[in-house]
Amino acid sequence: MHDKFLKPYNPTDTEDKIYKLWEESGFFNLDNLPGKRSETFTVVLPPPNVTGILHLGHAYEDSLQDAVIRFQRMRGKRVLWIPGTDSAAIATQARVEKNIQKDEGKSRHDLGRDELVKRVRTFAKESENTILGQVRKMGASLDWSRYAYTLDETRTLAVTTAFVNMYNSGLIYQGDRIVNWDPKGQTTISDDEIAYKEEKTKFYYLKYGPFTIGTARPETKFGDKHVVMHPDDERYSEYKHGQKIELEWINGPLTATVIKDSAIDMGFGTGVMTITPWHSAVDFDIAERHKLDKVQIIDKYGKLLEIAGEFYGIKITEARQKIVEKLRAKGLIVKEEEYTHNIATAERTGATIEPQIMKQWWIAVNKPFIIPYSEIPGIESGTETTLKEIMRKAVSSEQVNMPQEGFRNAYFHWIENLHDWCISRQIWFGHRIPVWYKRKSKVESEKLKVGNEEKTKMYVGIEAPKGEGWVQEEDVLDTWFSSGLWTFSTMGWPDITKDLKTFHPTSFMSPAYEILNLWVSRMIMMSGFHLGQVPFRTVMIHGLVRAKDGQKFSKSLNNGIDPIDIINKYGADALRMGLLTGTAIGSDISFDENKIKGYKNFANKLWNITRFILSSTETYKYDPGFSKWTEADKKLVAERDALITEITREMEEYKLYLVAEKLYHYTWHTFADKIVEESKTILGTPPVNEGKGTDSEKSSRAQLLIHTLHIILKTLHPFIPFVTEEIWLTLPHNTEQNLLMVENWPA
RNA sequence: GCGCGAUUAGCUCAGUUGGUAGAGCAGUCCAUUUACACUGGAAAGGUCGGGGGUUCAAGUCCCUCAUCGCGCACCA
């Protein structure tokens with residue numbers, strides 16, 4: 001017996017050494033896996049953002065996927081797990097800008113585009129190193145030879161190719177439309193990056209000629225010259241569509257036009273409203289339908305424009321009170337009510353969203369196009385479909401299997417409400433849109449007027465066009481655009497590589513529910529459009545890791561936990577096991593350090609079980625084909641094997657939490673507490689006691705202990721790979737020094 | 001407003017097609033040169049959120065209410 005078993009198990013001494021052994025073995029790369037393997041099993045790591053360090057959520061995700069990967073590898077499959085990181089355009093740039101502002105008091109405009117991008121890249125690189133170190137610490141058996149970064153050369157080519165192809169199919173277009181403008185971040189954001197916050201405010205009823213209109217935002221009403229009501233509203237039947245009405249308004253007399261539109265809710269307020277198409281999506285739609293002109297009231301910085309007259313230049317947040325006073329003085333306020341509504345804020349900066357009409361790039365989700373090739377049932381190659389249809393059919397046909405009913409419904413519900421996706425962002429770090437304009441520079445349309453752009457020639461292509469005077473689009477793409485390509489960009493697309501042909505669609509994806517819409521749906525969209533395939537076969541949505549009291553880990557609460565600290569204290573095995581047990585996949589986990597401590601004890605228990613078995617079976621040779629079990633042992637073998645059959649099925653159903661607990665329980669309370677304990681009577685505890693068993697009882701029991709130890713080590717390996725490998729490598733029965741990670745699963 | 005999820009032991013959570021309520025942690029009592037104190041043994045602890053229904057049988061299926069959490073939409 002190895003001397004090391006005389007001391008308690010020490011994860012810190014072991015884990016880095018074992019990870020190195022695994023890496024050097026080459027088995028993380030499926031091309032080096034031993035034995036005949038045909039069936040593939042592929043997972044692409046959800047790429048962590050290069051914004052700093054990993055948190056427990058990543059640790060959980062790594063544990064989950066690595067357990068699945070290790071299981072499938074031991075099942076004899078050709079297992080590929082591709083690592084990568086995400087540039088996370090806005091998130092990373094914002095982080096770096098914040099640091100620069102803090103340390104040097106400079107803004108991004110002080111630095112300029114090139115310098116800022118350089119700084120962000122440096123930060124991203126450091127962050128990448130930290131993150132990859134952490135992922136290794138977790139024991140993740142990733143194929144590092146296939147590492148991908150969303151901004152590397154291959155992935156950039158994938159992004160530009162994807163953009164160009166979608167543009168050529170007419171699905172990407174440039175248009176003046178209402179966007180969610182973040183005045184703090186100075187960029188557009190997508191609908192999915194909005195967080196709604198409840199706000200108590202006043203609701204004003206204003207006199208607008210013969211009408212009373214309701215509004216919560218009187219400060220936006222300067223230019224409102226269309227008054228809208230439902231065509232069936234009998235209260236206003238005397239007014240005809242298109243009718244002109246002279247009235248007195250905030251800054252003087254105004255000619256208003258009556259518009260009848262069925263988008264109006266007759267039951268809300270007075271059933272009459274005026275519209276501000278430049279700053280409201282609903283109003284914009286109404287204005288589009290009736291071809292009304294649109295006037296900007298608020299600029300990009302959230303200040304009022306000239307149309308506000310005496311209020312010109314005032315910040316919108318300060319303007320309301322002043323304007324209300326004027327309205328009151330003019331006798332235009334009919335009444336005021338207390339009112340609670342939700343305001344849209346930018347998830348990242350916390351700023352209140354000011355909708356604006358801006359020229360942006362969009363992906364049309366409802367526009368029909370001919371799909372050249374499709375493997376998705378219900379969508380035939382060469383027929384007309386839409387991106388929305390692809391997203392729907394991929395899941396409804398179960399080409400993408402979403403076993404969790406609730407998330408599946410949420411997905412469909414989201415698709416129903418999906419609008420065109422705004423993919424351009426006014427930041428500098430990210431994939432610059434592959435569009436070039438022939439003109440001196442992009443027109444700075446400070447006032448954002450529709451149609452005041454210079455006439456320019458536009459070129460859309462993978463590389464810059466030849467010739468003088470071409471200037472590339474300033475905007476970069478929404479980070480989820482490149483993320484959407486992730487399952488196949490990581491395999492070398494647009495080249496039709498061997499990997500792509502062999503491993504796509506991938507087998508399994510396990511993202512947090514937070515990004516079901518942001519990411520999962522985009523991958524399905526992109527994979528469907530570009531490959532005619534689904535991106536993955538099974539999606540298991542997982543929950544969030546929360547603090548013990550159920551609160552979210554966050555900087556403001558200062559309750560963050562660095563997984564590395566936990567690993568240093570208890571070992572990565574304990575952390576993995578602690579994260580994977582106790583909660584079904586999909587529910588939130590409340591993180592309890594005590595639980596992790598318990599699994600550290602478990603690793604030590606396993607260590608001591610081994611120590612006992614090695615010392616008490618020293619005189620017996622391991623016999624893999626042993627069959628002369630005593631009646632009692634035969635029963636124990638049968639019970640054990642029934643458990644293995646059961647957990648194998650559950651592993652295949654991704655019910656890792658059940659498996660981990662059952663193995664824990666079997667190892668500790670059946671194997672150690674009962675089987676090992678009663679073996680003391682049979683085998684004795686050498687060198688002190690002689691056992692009371694007969695020779696056949698002794699050999700049967702010795703073999704039972706050794707066999708079961710092997711099986712326990714194998715089945716626990718996906719969960720606690722380090723300690724099981726460390727034990728396995730020093731077992732005298734493992735004469736060939738094979739690594740446990742490529743042993744066969746015992747079922 | 002629409003939808004989803006949760007509600008089970010003190011705490012954190014499991015509970016597969018309906019068939020006698022489970023685990024971990026904490027707590028209680030006992031043991032102490034034991035493979036392991038990072039230990040062992042024993043016991044205790046639950047009208048499964050409330051109410052109603054289906055069924056021979058309901059934690060599980062249906063209806064309803066309550067509380068909490070989340071998602072989507074949004075009314076000016």
Side-chain angles (χ1 to χ4, degrees), chain A residues 1 5-10 191-192 194 196 203-206 213-218 220-221 224 227-229 263-276 279-283 286 339 341-344 404-419 513-514 516-517 543-544 546 548-550 570 574 577-578 581-584 586-616 646 649-650 653 655 657-658 660-662 664-665 668-669 672-673 676-677 679-680 685-686 688:
Chain A
M1 184 174 68
F5 286 112
L6 298 175
K7 286 185 296 184
Y9 174 63
N10 186 337
D191 293 346
D192 310 284
I194 289 178
Y196 287 93
F203 192 76
Y204 301 91
Y205 288 91
L206 306 179
I213 59 159
T215 183
R217 301 199 65 189
T220 64
K221 300 269 140 207
D224 289 13
V227 59
V228 194
M229 59 217 74
I264 300 298
D265 178 354
M266 287 189 269
F268 186 82
T270 55
V272 187
M273 69 183 235
T274 61
I275 56 168
T276 316
H279 301 291
S280 155
V282 175
D283 297 5
I286 294 172
Y339 177 61
H341 71 152
N342 289 324
I343 55 163
Q404 297 144 301
E405 196 86 27
F407 291 122
R408 201 179 137 96
N409 292 340
Y411 174 82
F412 285 126
H413 188 236
W414 179 79
I415 292 175
E416 291 317 311
N417 291 302
L418 186 63
H419 302 293
Y513 57 71
E514 286 182 307
L516 174 62
N517 300 340
L544 270 35
R546 290 173 181 277
K548 202 179 165 189
D549 53 14
Y570 308 106
M577 193 77 176
T581 51
T583 313
S587 309
D588 288 353
I589 293 173
S590 40
F591 185 79
D592 182 358
E593 200 173 316
N594 246 327
K595 193 169 153 193
I596 310 299
K597 196 174 153 195
Y599 289 111
K600 186 193 178 187
N601 296 353
F602 179 59
N604 192 55
K605 186 74 184 179
L606 197 56
W607 191 251
N608 280 297
I609 289 169
T610 307
R611 173 179 170 178
F612 176 80
I613 291 175
L614 291 187
S615 70
S616 62
E646 187 180 315
R649 198 193 66 235
E650 286 166 346
E653 292 167 357
K655 292 180 176 166
Y657 57 102
L658 290 180
E661 276 191 17
K662 283 175 183 173
Y664 174 91
H665 198 259
W668 201 313
H669 299 300
D673 291 348
V676 169
E677 279 306 317
S679 301
K680 289 177 184 169
T685 43
V688 189

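Chain letters run A, B, ... following the sequence lines, proteins first and then strands; every chain starts at 1.
To the nearest whole angstrom, the two C1' atoms, one in rU7(B) and one in rG50(B), are 11 Å apart. Comparing rG41(B) with rG24(B), their P atoms are spaced 11 Å from each other, to the whole Å. Across the C1' atoms, rC56(B) and rG71(B) are found 42 Å apart, a figure rounded to whole Å. Here, rA6(B) and rA26(B) have their P atoms 28 Å apart, quoted to the whole Å. Comparing the same atom, P, in rC65(B) and in rG1(B) gives a spacing of 13 Å after rounding to whole Å.
When heavy atoms are screened at a 4.0 angstrom cut-off, Gly598(A) is found touching no nucleic acid atom at all. Using a 4.0 Å heavy-atom distance criterion, Ile613(A) is classed as making no nucleic acid contact. Here Ala672(A) lies in heavy-atom contact (under 4.0 Å) with a base. Counting any heavy atom pair closer than 4.0 Å across all strands shown, His669(A) reaches sugar-phosphate atoms only and no base atom. Within the nucleic acid shown, His413(A) comes within 4.0 Å of at least one base atom, counting heavy atoms only. Within 4.0 Å of Lys221(A), counting heavy atoms only, lie sugar-phosphate atoms of the nucleic acid but no base atom. In this structure, Phe5(A) reaches neither bases nor backbone, as no heavy-atom distance under 4.0 Å exists between it and the strands shown. Among the atoms of the strands shown, none is found under 4.0 Å from any heavy atom of Asp283(A). Residue Asp265(A) is classed as a base contact, given a heavy-atom separation below 4.0 Å to a base. Among the protein residues, Ala410(A) comes within range of no part of the nucleic acid, since none of its heavy atoms lies under 4.0 Å from any strand. When heavy atoms are screened at a 4.0 angstrom cut-off, Val272(A) is found touching no nucleic acid atom at all. No engagement by Ser280(A) is indicated, since no non-hydrogen atom pair under 4.0 Å with the nucleic acid exists. Across all strands, Phe602(A) comes closer than 4.0 Å to no nucleic acid atom at all (heavy-atom distances).
Closest to the side chain of Ile609(A), out of rA14(B), rA76(B), rA35(B), is rA35(B). Comparing atom distances between the Phe612(A) side chain and each of rA14(B), rA35(B), rC72(B) picks out rA35(B) as nearest. In the set rG24(B), rU16(B), rU12(B), rU12(B) carries the atom at the smallest distance from any side-chain atom of Ser590(A). Minimum atom distance to the side chain of Asn608(A) is reached by rC36(B), of the listed rC72(B), rC36(B), rA76(B). The side chain of Leu658(A) sits closest to rA14(B) out of rC74(B), rA14(B), rU39(B). Closest to the side chain of Asp673(A), from the set rG40(B), rC74(B), rC36(B), is rG40(B). Checking rA35(B), rC36(B), rU16(B) against the side-chain heavy atoms of Lys655(A) singles out rU16(B) as nearest. Comparing rC36(B), rA73(B), rU16(B) by their closest approach to the side chain of Glu650(A) singles out rU16(B). In this structure, of rU16(B), rA35(B), rG41(B), it is rA35(B) that holds the atom nearest to the side chain of Lys680(A). Here the side chain of Pro8(A) is nearest to one of rC72(B), rA35(B), rC38(B), namely rC38(B).
At a cut-off of 3.5 angstrom, counting only N and O atoms as typed in the model, there is a donor on one side and an acceptor on the other between the side-chain of Glu677(A) and the base of rA35(B). Judged by distance alone with a 3.5 Å cut-off, a donor-acceptor contact links the side chain of Lys605(A) to the base of rC36(B).
For Val676(A) and Ala263(A), each mapped to the nucleotide of RNA chain B holding its nearest heavy atom, the one lying further toward the 5' end belongs to Val676(A). Of the residues near RNA chain B, Phe407(A) and Glu646(A), the one whose nearest nucleotide (by heavy atom distance) lies more toward the 5' end is Phe407(A).
Pairing partner, rG5(B): rC68(B), with both Watson-Crick or wobble hydrogen-bond distances short of 3.5 Å. The partner of rG46(B) cannot be assigned: no Watson-Crick or G-U wobble pair with both contacts below 3.5 Å exists in any strand. Across every strand in view, rA26(B) sits unpaired, with no contact that passes the Watson-Crick or G-U test at under 3.5 angstrom. Judged by Watson-Crick or G-U wobble contacts below 3.5 Å, the nucleotide rA14(B) has no partner. Within the shown strands, nothing qualifies as a pairing partner of rU20(B) under the Watson-Crick or G-U definition with both distances less than 3.5 Å.
Judged by distance alone, the side chain of Trp607(A) and the main-chain N or O of Asn10(A) form no donor-acceptor pair under 3.5 Å. Using a distance-only test at 3.5 Å, with no hydrogens or angles considered, no donor-acceptor pair links the side chain of Asn604(A) to the main chain of Lys600(A). Between the Asp283(A) side chain and the Ile275(A) main chain, no donor and acceptor come within less than 3.5 Å of each other.
One atom, CD1 of Ile343(A), and another, P of rA76(B), lie 12 Å apart when rounded to the nearest Å. In this entry the distance linking CD1 of Ile589(A) with C1' of rC70(B) reads 17 Å, nearest Å. Ile415(A) places its CD1 atom 13 Å from the P atom of rA73(B), with the value rounded to the nearest Å. Rounded to whole Å, atom P of rU12(B) lies 16 Å from atom CD of Glu661(A). Rounded to whole angstrom, the span from the NZ atom of Lys662(A) across to the P atom of rU16(B) amounts to 11 Å.
In this model, the phosphate group of rC36(B) is not approached by any side-chain N or O of Tyr9(A) to a distance below 4.0 Å at OP1 or OP2. Look at Trp668(A) and you'll find a side-chain N or O under 4.0 angstrom from OP1 or OP2 of rG40(B).
Separation of atoms NE2 (His665(A)) and CD (Glu661(A)) is listed at 9.5 Å; rounding is to 0.5 Å. The OG1 atom of Thr215(A) sits 4.5 Å away from atom NZ of Lys221(A), with the distance rounded to the nearest 0.5 Å.
Ring geometry, Tyr205(A) versus Phe203(A): the interplanar angle exceeds 60°, so the pair is classed perpendicular (tilted spans 30 to 60°). Tyr513(A) and Phe407(A) have parallel rings, their planes meeting at less than 30° on a 0 to 90° scale where 60° marks the start of perpendicular.
Salt bridge annotation for Arg649(A)-Glu646(A): absent, with no cationic side-chain nitrogen under 4.0 angstrom from a carboxylate oxygen.
By the side chain to side chain donor-acceptor pair (under 3.5 Å) test, Tyr599(A) is found to be paired with Thr581(A), residues two or more places apart in sequence or in another chain being considered.
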